[in-house]
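Below: the structure, in structure tokens.
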Amino acid sequence: MNKIWNEAKECMSRDEMSVLQSKRLKKQVDYVYHNVEHYRKKMQSVGLEPGDINGIEDLNKLPYTTKDDLRDTYPFGLFAAPQSEIVRIHASSGTTGKATVVGYTRRDIEIWSECVSRALTMCGLGRNDIVQVAYGYGLFTGGLGAHYGVENLGATVVPMSTGNTKKLITMMKDFGATGIMCTPSYLLHIAETIIENGDLENIKLRAAVCGAEPWTEKMRLQIEEKLHLNCHDIYGLSEIMGPGVACDCELHQGLHIQEDHFLPEIISPETLEPIGENELGELVFTTLTKEGIPLIRYRTKDLTSITRCSCGCGRTTARIARFKGRSDDMLILRGVNVFPSQIEAALLELSETLPHYMIIIDRVNNLDTIEVQVEVEERFFSDEIKELEKLTKRIEGVIKQAIGLAVKVKLVEPKTLDRSEGKSVHVIDHRVFD
Ligand code: DLL
């Protein structure tokens, strides 16, 4: 274990935590100022130097960082460590075609794994457990992030990834899996398949660690009831790290933030001013120990509230409430982040489509379905039906290429879709989140 890691003690008091956070914040600000031109310029533009930040009380002097900063410096412009120190890259959707790219040094990966291991411990898992990771492996942080955390804990990881429910259930039974990590909607689908097949008595799952998409307390209880296990809520975002930034304990009274690595704030998305405890606002994080791509006051756009009173479990870290939505238009579909603007950009590339479309989202058998209705020129409806089918398939392919998810496209005649008089509405989301 390296030195910086050992500084965090178990069960620190709030004061001890503030001292540690202040020390790390000072160091992190100094580090980005000297290693990232974008931050140096941003700080200079408001007349700030690293010496002006002496602790967490100075945090609100620092400018915010947003997804746009990542997009404008695509791909590696916000990296603070040289490429020779970066051992892994992940990426998630940007608002337009460009992905948001993040890089990790070896120490970042160690800290990330440790954060996930802590979260798994909160969920009651340990080295005697066999944990199936059914988040997607790849550029998405879910699969590999969870995987390294399970290994670091000393438990046995089964790297299932997504996509083959039958095989997942067979292995769950054959290997005697006791833990599972996947999106909550996928777990509900798995649960229903297990029950339909009469397999419930053949599974040994004790704990599920679900996140990566909005879900409700009702869904969490449904999963617990169906599978007879403890179901936990894990939060994270690729820009800050990936899964493991926060997780709920056995009391399910909010998600404990790994505060020694990620300094939280809640701000008003309108005024951008910090707001008080227990009030709903936008979550902002400053990384405290990151080397690859440290982020200062990163606006997550996730809406929640924070409390700093101790939890009945004994942990003293700040907790965030279950998420209430986002302050931007990002959708999370089957665990994948999608901006409507990505679909729009893909449609505008095609000469056959008109600039009128509607994205209709629903949840069928606990899985998100996406239909994109697009207006196309009149002539396609007088042509042979085969031409219409060909065009439909082509548009489905173009959208899949853009967002990485299969969608159903329905072509409609000009002027079929509602025209809005105000801000145009391009998404109808029938899923229920409360
Ligand atoms: O979703 C990281 C992750 C993977 C978290 C596996 C948990 C489990 P991104 O793809 O960058 O990273 O998406 C981040 O997903 O800003 C939230 O809007 C949403 N999100 C993540 N966890 C939760 C959760 C991963 N537990 C975005 N509840 C975040 C609600 C969540 N929303």
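First listed ligand is number 1; within each ligand, the first listed atom is number 1.
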Quick check for students: name every N or O atom pair between ligand 1 and the protein closer than 3.5 Å, with distances.
from: ligand 1; atom 1: 10 (O); to: Asn337; atom 2: ND2; distance (Å): 3.2
from: ligand 1; atom 1: 11 (O); to: Ser238; atom 2: N; distance (Å): 3.0
from: ligand 1; atom 1: 11 (O); to: Ser238; atom 2: OG; distance (Å): 2.6
from: ligand 1; atom 1: 13 (O); to: Asn337; atom 2: ND2; distance (Å): 3.0
from: ligand 1; atom 1: 16 (O); to: Asp302; atom 2: OD1; distance (Å): 3.4
from: ligand 1; atom 1: 16 (O); to: Asp302; atom 2: OD2; distance (Å): 2.6
from: ligand 1; atom 1: 16 (O); to: Arg326; atom 2: NH1; distance (Å): 3.2
from: ligand 1; atom 1: 18 (O); to: Asp302; atom 2: OD1; distance (Å): 2.6
from: ligand 1; atom 1: 18 (O); to: Arg326; atom 2: NH1; distance (Å): 3.2
from: ligand 1; atom 1: 22 (N); to: Ala212; atom 2: N; distance (Å): 3.1
from: ligand 1; atom 1: 26 (N); to: Asp233; atom 2: OD1; distance (Å): 2.8
from: ligand 1; atom 1: 26 (N); to: Ile234; atom 2: O; distance (Å): 2.7
from: ligand 1; atom 1: 28 (N); to: Glu213; atom 2: O; distance (Å): 3.3

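A side-chain N or O of Asp129 and one of Thr178 form a donor-acceptor pair less than 3.5 Å apart. Judged purely by distance below 3.5 Å, without hydrogens or angles, the side chains of Tyr33 and Gln44 pair a donor atom with an acceptor atom. Between the side chains of Ser117 and Tyr148, no donor-acceptor pair of N or O atoms lies under 3.5 Å. No side-chain donor-acceptor contact under 3.5 Å links Tyr298 and Asp69.
At least one side-chain heavy atom of Ile190 sits under 4.5 Å from a side-chain heavy atom of Met172. Side-chain atoms of Glu224 and His252, non-hydrogen and from C-beta on, do get closer than 4.5 Å to each other.
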